[in-house]
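Below is one structure, written out as structure tokens, with a few remarks after it.
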Amino acid sequence: MRRTIVFFFTQFLLWGLVSQVNHELTPWGIALFMGGLFVGFSALHFERREALIGAFAAGFLHDVGTPLPFGTHAVVFATAVIFIQHVRHRLNRHEGLITVMVILIANLGLFLAVSAVAVRLLPDAGGLTSRVFSDLIASQLTLALVAPWFLALQAKALEIAGVAAPAEPGPRSYP
Amino acid sequence: MPHRSFHASRPFLLLGLLLAGWLLVPTLVKRVLGISFFELQAPVSVAASHVRDLQDFWSLRTRTRHDLIAAGRDLARLNASYEVTLQQTETLRREVARLEALLRIPTLPGYRSEPARVARRDFNAWWQRLTIRKGRNYGITVGSPVIFSGGVVGKVAEVHAYTAVVDLISSPTLRIAATLEGDSRPLSFQGGNNPAFGPARGIVDYVPTDASASEVMPRRIVTSGLGGVFPAGLFIGEITRLETSTDGLFKTGEVRLDSRLAELAEVTVLVPERAD
């Protein structure tokens, strides 16, 4: 439970930072989406239940104040967690570069999934390709830059709280 | 082998159960969760906006006394011109009241102006929203029009304990009844495409076929007052392109919105005054 709370605190911090950056970016017509960073660490290192709680909490943080149905981000984030956990036994998840790559791919998937839901709001989404593309590029570049720092922060926060992520289990074996 | 395939597909079964479970969660529970998470976030946005105000304050403190005197002089001139406008408004208000009494027509709805600082701007390709630092504590109501010195900002979409969320006119979720300036025929405005590195744009529908507009000769559109949300005559934007719609009965076009919408720091909420 304590690990979930500490983890949520780091997610809340990230949400605060991203929302402030997006606030400052509005005159340039660019918005950052960092969904992958909210689910990456927990999906790679936590047990399924804890990772899903983290995904739902992060999703709810994103859902409030948006015109999307409440729970949209939460469900999409939970889906990403399930997918990452399904393949994580094949990855060297303690390798920083691999973790960043997983987060980047997850962010791409989450961005496209949320866009697919949000496109219903638009009367003519055809003219928005360039905006969506530039948002995605900016998000992925920023994510690649800040992911190592944020992953280290999450690991350190859990370590300080004495609830570090459990050691990596051996490869999954089937009977 | 079947056991292995079941083991592999178990996470997706769980995902399906989660999705089904979420759909079955009562609306009341979702609403309580939404409000709780919003009120959890609100102090962060509000505190950050107070810090920005403090930064502005200290940056202004670095200005020279000469700058302050010049600013005070400009402000005095502006105040003088506003005084004249206020007197004219009062005269017009009395005239309207006299004519309403004479012609026995119902009184136009009144509004209370509530200035509010912007706590957070959330603009992306899909929606454009502001969080302002006033909510139920100042009597803000859902649907109240929001304006600034450049015209319409949007409409209050959500009201919380001490913050409110405003849907901008550039947001595709917002539709406004409008008219061309100097024309009484109604048309429909909707927020729409918001390109990167440029000002937001809107879409206009049901424009009379005799109207024309272009990038060099844009046409201003204002609120029509129909629908009862926005008072009539508030500036929305300029139509920069018009073309005949597919049915040939009307024209559709693109509206250029005020670029200051992307940098708003203060807005005014027009809270409808109750009849009683």
Side-chain angles (χ1 to χ4, degrees), chain A residues 12-13 15-16 19-20 22-33 48 52 56-57 60-71 74-75 78-79 81-83 85-86 114-115 117-138 172 174-175, chain B residues 3-4 7-8 11-12 14-15 18-19 22-23 25 27 30-31 33-41 44-45 48-49 52 118-129 131 157-158 160 165 167 171-173 190-201 203 205 259 261-264:
Chain A
F12 193 57
L13 177 77
W15 172 84
S19 66
Q20 290 310 307
N22 279 334
H23 175 90
E24 298 298 336
L25 283 176
T26 51
W28 285 278
I30 284 282
L32 300 181
F33 178 81
R48 185 172 298 142
L52 282 175
F56 268 91
F60 291 147
L61 280 178
H62 283 76
D63 276 322
V64 292
T66 72
L68 297 178
F70 186 71
V75 167
T79 309
V81 163
I82 297 274
F83 270 97
Q85 292 210 323
H86 188 62
V114 173
S115 299
V117 179
V119 79
R120 292 180 303 116
L121 301 172
L122 293 168
D124 171 29
L128 270 179
T129 318
S130 67
R131 169 66 194 258
V132 171
F133 191 67
S134 50
D135 276 5
L136 180 60
I137 295 285
R172 187 191 293 171
Y174 297 104
Chain B
H3 182 73
R4 182 176 170 168
H7 199 87
F12 300 99
L14 176 73
L15 179 65
L18 271 175
L19 291 175
W22 179 252
L23 288 174
V25 170
T27 313
K30 290 180 184 172
R31 192 162 161 69
L33 261 175
I35 292 168
S36 309
F37 270 83
F38 191 92
E39 297 301 354
L40 184 73
Q41 290 177 349
V44 176
S45 305
S49 77
R52 277 194 297 275
V118 173
R120 186 160 76 93
R121 296 187 292 261
D122 179 20
F123 299 1
N124 56 38
W126 316 112
W127 61 81
Q128 285 75 43
R129 290 188 148 196
T131 304
E158 294 172 25
H160 298 272
V165 178
D167 237 343
S171 203
T173 48
Q190 186 170 14
N193 299 336
N194 297 284
F197 309 112
R201 288 182 171 267
I203 297 164
D205 274 322
S259 59
L261 281 170
E263 305 169 31
L264 284 174

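The sequence lines fix the lettering, A, B, ..., with proteins before strands; numbering per chain opens at 1. Predicted, not measured: the structure shown is a model, and the values here were computed from it.
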Heavy-atom cut-off 4.5 Å, strictly under: side chain, backbone, both or neither for [X] against chain B?
X       : result
A:Phe12 : side chain
A:Leu68 : side chain
A:Phe33 : neither

Between [X] and chain A, with a heavy-atom cut-off of 4.5 Å, which part of the residue counts as in contact: side chain, backbone, both or neither?
X        : value
B:Leu40  : both
B:Arg129 : side chain
B:Glu158 : side chain
B:Arg52  : side chain
B:Leu19  : side chain

Mind checking the [atom1]-[atom2] spacing from [X] to [Y]? Nearest 0.5 Å is all I need.
X        : Y        : atom1 : atom2 : answer
A:Arg131 : B:Trp126 : CZ    : CH2   : 9.5 Å
B:Leu15  : A:His86  : CG    : NE2   : 11.5 Å
B:Ile35  : A:Phe70  : CD1   : CZ    : 9.5 Å

Paired with B:Phe123, the side-chain contact (heavy atoms from CB on, under 4.5 Å) test is passed by just one of A:Asn22, A:Leu25, A:Thr26, namely A:Thr26

Heavy atoms only: give me the nearest B:Trp22-A:Gly71 pair and the separation to one decimal. CZ2-CA, 3.5 Å

Return the option, out of [options], with the maximum number of heavy-atom pairs under 4.5 Å with chain B.
options                             : answer
A:Ile30, A:Asp135, A:Leu61          : A:Leu61
A:Ala78, A:Ala57, A:Ser134          : A:Ala57
A:Val132, A:Thr66, A:Asp63, A:Val75 : A:Thr66

Return the option, out of [options], with the maximum number of heavy-atom pairs under 4.5 Å with chain A.
options                      : value
B:Asp122, B:Leu18, B:Val165  : B:Leu18
B:Ala125, B:Ala157, B:Ser45  : B:Ala125
B:Thr131, B:Leu261, B:Asn124 : B:Asn124

Under 3.5 Å: donor-acceptor pair, side chain of B:Arg121, backbone of A:His23: yes

